[in-house]
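Remember, it's a predicted structure, so these values are computed and weren't measured experimentally. Chain letters run A, B, ... following the sequence lines, proteins first and then strands; every chain starts at 1.
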Amino acid sequence: MNDRRTDPLSLVAGVLIVIVGALMVFDQSSDISLSGGVIAAVFVGVFGLILVVSGLLEDR
Amino acid sequence: MSARIEPAPLRRDPADAIIGGVCAALGRRLGIDPTIIRVGAVAITLATAGFGVVAYCLAWLLIPADPWAAAQLRGPDAAPRWTHPANWKVAVGIGMLCLSLLLVLRELGIWWSDPVAWPLVLAATGAALLWRQSRVMQPASVPEASTAPDRPATRRNRLADLYRGGFGVALVIGAVLLFLSANNALGQTRDVILAAIAAIFALALILAPFLWRLGRNLATERAARIRSQERAELAAHLHDSVLQTLTLVQKRADDPREVAQLARRQERELRSWLFDAGRAGASESLATALELAAVEVEEAHRVPVEVVAVGDGPVDERTVALVAATREAIVNAAKFAPDSGEIAVYAELGAGGAQVFVRDRGPGFEPSSVQADRRGLRESIVGRMERFGGRADIRSHPGSGTEVVLTMQWGKE
């Protein structure tokens, strides 16, 4: 069966990864300057948010 | 015309997994040997200095497991898992969000120290886990009044709940110990902890005999309560079935065929009740069970009974009690209002509960004036409903008919 319903987790994770990717691109092109600590905070925060959303959706 | 073959869905197969089943899922989806995918994943990880691990973890989170394969792996008799994976995900996620916040604060120049930050992250994770576990702990699905003995699955679920809570408590205690250790305060608290352990040990030795006796008394009291409830249920059933039949036999003593028919029906019903597990006429539908009960009373007492059931519900020990109480209410209406036309039964049935109304246009009565030795109302209707966690309301006045309202809840809708 081809399930075409939107997967909320994939949507949220995809949006977050796109945002992180955009930040990395802007940082590389020197439009913004992100320190190592901020990058680490962003990565950890995104990973944590994906885990929380995944857990909450699995529990439904 | 050629048939279009749909590619296999992207699902992780726990049975084919080395770590999380991500490579197996990709291999199945792409039609490639999972071993090749695994070799490629290792190569990418080495080439990107470990970024492949991050990508693998993300894929593990995002690709759902094959529910059929997971169920096969678990099996129908598998013990309940220590911890619900969803709770761990939320707890670790909250811990990581807490860490992320602390890292951002550090970048802004607000930083306490590592000995404060890391215990804080650990405590946040433990607290989140405890909060999640408290939400999913099994509620008491069997009512207090049930006579069902404690099944092994119930005891196993309670142990699982204890294990689940223990992880969260361990994380929080670990965070406190880490904080104390990092701030060189553990040595100072050692004497306090030793004194506390010695006091707890002494108290346990002193109180052990009393606690043991208390536990045994509680178990004895519970067994006595169960026996009493079983006796009450047996008495109610005999009143509803055998006594009612004997009353009808007396009324129709001049018709031998009718008497023989009543006796045969009662014998069949009693044999079925003694030796069969199912009670509601082997019906799997609550609405059907109510209709069968009404037909039975209609045939035995020769009064018209009209049943209207909206919705349906499951048949279990609660609903069997509901059907029995409804039957008794209809029998009472047939006995005490036989010439008052049709007895109306209206039932609202759902997944979360049921409400049944039994109405007659008889002479009515004052419920408070019913004698103490009459069991029809007190035990067979009100008592039976209360034993299984329900409620029975009797609404009647002399001259205005009678309405019996039976309410039973068994879960959320």
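Chain A forms more heavy-atom pairs under 4.5 Å with one residue of B:Ile94, B:Val90, B:Leu58 than with any other, namely B:Val90. Interface check for chain A: of the options B:Cys98, B:Ser100, B:Ala91, the most heavy-atom pairs under 4.5 Å are formed by B:Ser100. Most heavy-atom pairs under 4.5 Å with chain B: of the set A:Leu9, A:Leu51, A:Leu49, A:Ile17, this distinction falls to A:Leu51.
Contact record, A:Phe47 with B:Cys57: CZ-CB, 3.7 Å, taken as the closest heavy-atom pair. The two residues B:Gly95 and B:Val121 make their nearest non-hydrogen contact at O-CG1, 3.5 Å.
With A:Ser54 contributing its side chain and A:Ile50 its backbone, the two residues share no donor-acceptor pair below 3.5 Å.
A 4.5 Å side-chain heavy-atom check between A:Val42 and B:Val104 finds every atom pair outside the cut-off.
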